[in-house]
Amino acid sequence: MRKFVALYTHQKLKKAKTWQDGFAHYNETANEIVLFDANNGRIASHRMRAKEALGLAVEYDVGRFLLTLEEEQGVEVQVSEPAAKEVAPVRLIRRTKRLPSLIKPMKLKQKTPASVVTDTSEPVDSQPTVVELPATQTTAEVNSVEYVVLYTTQKTKKVKAWSDGELAVSADDHQITLKSDDGSTVLKTRIPAKTEVHVGSELDCGKYLIQIESVKGQDAVPIVDSTAPNGLQLQGALKRRHEPTARLALKQNRPKLAKSGSSTVSPHGSVTVAPKRAQFVPPTAHVIKHLHFPRRGELLQHVNVSKGYGLGPARKLVAPVRYTEWTLYASQFGDLLRENLMAELSALAMRYYFMARERFEARSKKRTGFAQVCKSVGVLLFEGCTLRQAFLDSGAFRAQRNRGAIELHQGDSVMLELSRREAYAGYAKDDTWAISTRDDFPADETFLARSVFYGPNKNNVLELALVGDEDAKAAAHVFNGAGSSRGEKTAATVFAIHCLDSASSWSMLDTVEQLSPKSLPYLPHLLDTSAPQPANVNSAIDVASVVDRINGIVSEYRLQLSLNDEQHVILQDVVHSVASIYLPLENAESTVIVHGPFGTGKSFLVAAIAMCLDEMAYEFPEVFGSARERDSDVEIIGGVEIIGDVEVDDEAPPPLKLLLSSMTNFAVDNMLSALVKQGYERFLRVGSLRRVAKSILPYVYRSSASAADDIRELETMLKTADPAEQDSITVALQKMRQQGQQGALTDTFVVGTTCLSAAAATLRSTQFPVVVLDEACQIVEPMALIALANGGCRRLVLVGDPQQLPPTLTTRATRDAEGCGLDRGLFDRLVQMGHRPRRLTT
């Protein structure tokens, strides 16, 4: 009977699978593999065919599971190494062009061993350079180098499970020895003499893939780019970025090394040269100053007819893990969002300039117009539209017209009368439009604008807001060149392209540009792993008794909800973190990260957190409640209290409330459904009626201004609803008809909404010191900032699974920027920054 450490999954058809730890027993007599889970519970068995061989890193189809063997238990390869002999001081000869054939190293000249100190103060000529070594070194140390590595047998998988190890490389016989972290020898083999071995390289050795992390006993030196603003640190010291038991080390998330040829000084004073690696792009490179509709000449380099004219330019910007100032943080993500928007505009412009033009010109009989051809390739072109200035009767406009020139500024409105009608569902608020007087969209007569409302009015007229100052200049140029006399400069005939449904992109960009520590108290914790400041508490409050009672509440909920040990520890950490807003607690964390694979009860844990925090606030209103009643004329915008035009300087934290948010409506409704199952109903759902789950409709918050429209919409939904959904819709209708919801948000402890809907006007007067983000690994960081900034977040709880889907973008990134820019979620960055994820396993 042979025993193996194995991984198994039931996601047989998915490209990116979630693997679980387990064991496998192989019966040689019956030629059968038996699969066990991590608790030694038998799951499935597989009888192998006669020609089917047993091997590691091979996937076996075991009923409804997919199984792969990682390593065999109880098998060790004993390798005896010759004892090192003490020798006299050695003189090592190193040439720049060709090494002596007697030594035959594996190109180790690119990476100087840790024990060799190379003086690079003078240029090296063709003469041999003699380097003195200490007399205590041995011949084994001279001819071999040891590295700290990661290795895996899952060579073909996109998400690999990596293990810690050490690699000894011998320059005499080109032999490598791979050892696990417990010292047992895993592999001993020879590699070709031309193989390059250095920090950052990958070695493909049979069934093992080895990633070299650093030289053993040598710490990596932080690399600071002098071109970055204020000496922004782009790369920290090389370190392990994964927990071996969690199996979360993703190759694409590894930090970039310095570019080849850059020298660094080690702590011991020696000068080493960084190995050849992909260049780490500084945040200041490739920054887009302003958005614009791309010209044809800008996209010629991306044309590839065999691949459908290419995908447009790829994203190149990368973001550091830590930041020194919040202004750098805000400007960095502003640059990332503008770059992503430009990539989307470029992809659309590629289809317009090349695909649509080629199809139109290839037709001998042009029975259909060019606009119809553009529509066939996904470009909505409107020909012969009329552009007018808004507010023609205003005094400012008449004054400009009398002066003989029209002046426009960023944010000014223009009116676009479309040449044809399209389905109203195709329009949305904050759509991006490109407008020009010519169909080739020249730079001086082309500008971008955002739609102000959700679509055109009954006259097919759309109100647009100019995006930037450059767009305002181009729009003014269009109006000033529309006629020869002053009275004719009120309208122009233009071409318009409905570019993007970019409401989320503009909302993210607006949030980042308005970001500040005043609007987001949690902002300092996004920059570094700094501990939260102790809270100022009323001296009349007995902190020790409050803390004892809070611990008692946590214990009560553990028994009431039957929480396991992992859930209990996470609940304690969250309660301790939240209580530190109002109480002077030591060792409190500002962020709690929960890593829970599918089926481990993440939504149930979120429900337990919400109920426990509500009970805590109910028992101690003098600690977690408001110290004064909020005036009716107080408005909160981005976490800042405003009375009239004056900010309220109030250092006291707001009343304890909880915001449950995620990127999708499904995830938000899933958390709220878990609360309903536990009998908790002190929550409201903010969002569109048609996008909310039917079981959550009775808890949807609607303002009185839209009550009539909402009642009609619910009545329409009731006519076509399934019998199982009719009860929930009927209850929602009764609540809507019988009583309004004025003041409901003030009295509600939990509010659920998507990140994008968190910027709604209905939530501006409410602060949420605690924010919980579910499915956090799928949320890009600026999207998470919408919920954090508009809620005035002070403590954050992230819940997700890094082994599931990453953040999804419609644009692509270069190889160096993949996983290091906008497509890196807040969950991953905070883990890389040093926050410890709490893992749920059952």
Side-chain angles (χ1 to χ4, degrees), residues 520-526 529 531-532 550 553-554 557 561 563 566-582 585 587-597 600-617 624 653-654 656-663 667-668 670-672 674-675 680 683 749-755 758 767-779 781 783-802 825-831 833-840:
L520 180 56
Y522 181 77
L523 184 58
H525 307 298
L526 289 172
T529 54
I550 291 176
I553 294 175
V554 173
Y557 271 90
L561 301 177
L563 303 180
E566 295 173 341
Q567 295 170 337
H568 179 223
V569 171
I570 294 174
L571 179 60
Q572 281 183 322
D573 292 343
V574 172
V575 170
H576 188 255
S577 175
V578 174
S580 65
I581 303 176
Y582 307 89
L585 303 180
N587 301 323
E589 297 185 56
S590 61
T591 308
V592 178
I593 300 179
V594 181
H595 169 212
T600 54
K602 298 189 295 292
S603 299
F604 171 71
L605 178 60
V606 171
I609 291 173
M611 296 167 64
C612 187
L613 292 180
D614 191 5
E615 182 69 21
M616 183 175 69
F624 304 103
L656 179 57
K657 289 181 180 292
L658 182 62
L659 179 65
L660 304 182
S661 186
S662 184
M663 187 181 68
V668 176
N670 198 29
M671 289 187 287
L672 298 180
L675 286 172
Y680 183 89
F683 67 87
F749 183 76
V750 179
V751 173
T753 184
T754 60
C755 293
Q767 284 187 284
F768 300 93
V770 184
V771 177
V772 177
L773 294 180
D774 194 14
E775 303 295 349
C777 296
Q778 302 178 23
I779 307 175
E781 188 159 345
M783 179 68 75
L785 288 177
I786 298 177
L788 301 184
N790 287 278
C793 175
R794 296 171 183 261
R795 297 292 183 269
L796 177 62
V797 180
L798 296 177
V799 183
D801 183 9
L826 178 61
F827 187 104
D828 292 335
R829 189 178 72 84
L830 291 183
V831 170
M833 201 165 67
H835 289 283
R836 175 179 59 89
R838 282 82 167 169
R839 184 175 174 85
L840 290 173

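Here the structure is a predicted model, which means the values were calculated and not measured.
A heavy-atom distance below 4.5 Å is found between the side chains of Arg836 and Asp573. Here the side chains of Asp614 and Val750 are not in contact, with every heavy-atom distance at 4.5 Å or above. A heavy-atom distance below 4.5 Å is found between the side chains of Leu656 and Phe749. Counting heavy atoms from C-beta outward, Leu660 and Leu675 have side chains that approach closer than 4.5 Å. At a threshold of 4.5 Å between non-hydrogen side-chain atoms, the residues Val751 and Lys657 do not count as touching. Residues Leu520 and Cys793 are in side-chain contact: their nearest non-hydrogen atoms beyond the backbone lie under 4.5 Å apart. A 4.5 Å side-chain heavy-atom check between Leu526 and Leu826 finds at least one atom pair inside the cut-off. Looking only at side-chain heavy atoms (C-beta outward), Pro597 and Arg839 come within less than 4.5 Å of each other.
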Which atom pairs, one a donor and one an acceptor, fall under 3.5 Å between side chains of residues 606-613 and the rest of the protein, sequence neighbours left out?
none

Item checked: side chain to side chain contact (heavy atoms under 4.5 Å, CB included) assessment of Met833 paired with Leu830 -> CA-CA 5 Å; Met833 201 165 67; Leu830 291 183; 3.4 Å; yes

Next item on the list: List the steps, then state whether side chain to side chain contact (heavy atoms under 4.5 Å, CB included) holds for Thr591 with Tyr522.
Entry: CA-CA 9 Å; Thr591 308; Tyr522 181 77; 2.2 Å; yes

Check: Between Val578 and Met616, does a side chain to side chain contact (heavy atoms under 4.5 Å, CB included) hold up when you go through it step by step?
Finding: CA-CA 10 Å; Val578 174; Met616 183 175 69; 4.3 Å; yes

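Residues satisfying the ring-ring contact (aromatic ring centres under 6.0 Å, His included) criterion with Phe604, sequence neighbours excluded, are absent altogether. Listed by chain and number, the residues in a side-chain hydrogen bond (donor to acceptor under 3.5 Å, both in side chains) with Ser603 are Asn670 (sequence neighbours excluded). For Thr753, the side-chain hydrogen bond (donor to acceptor under 3.5 Å, both in side chains) criterion is met by no residue, not counting sequence neighbours. Tyr680 is linked by a ring-ring contact (aromatic ring centres under 6.0 Å, His included) to nothing, counting only residues two or more places apart in sequence or in another chain. A search for side-chain hydrogen bond (donor to acceptor under 3.5 Å, both in side chains) contacts involving Glu781 returns Tyr329, Arg829, not counting sequence neighbours.
The CG atom of Leu659 sits 8.0 Å away from atom CG of Leu773, with the distance rounded to the nearest 0.5 Å. Note that CZ of Phe827 is 6.5 Å distant from NE2 of His595, once rounded to the nearest 0.5 Å. Atom CG of residue Asp801 and atom CD of residue Glu775 lie 8.5 Å apart, to the nearest 0.5 angstrom.
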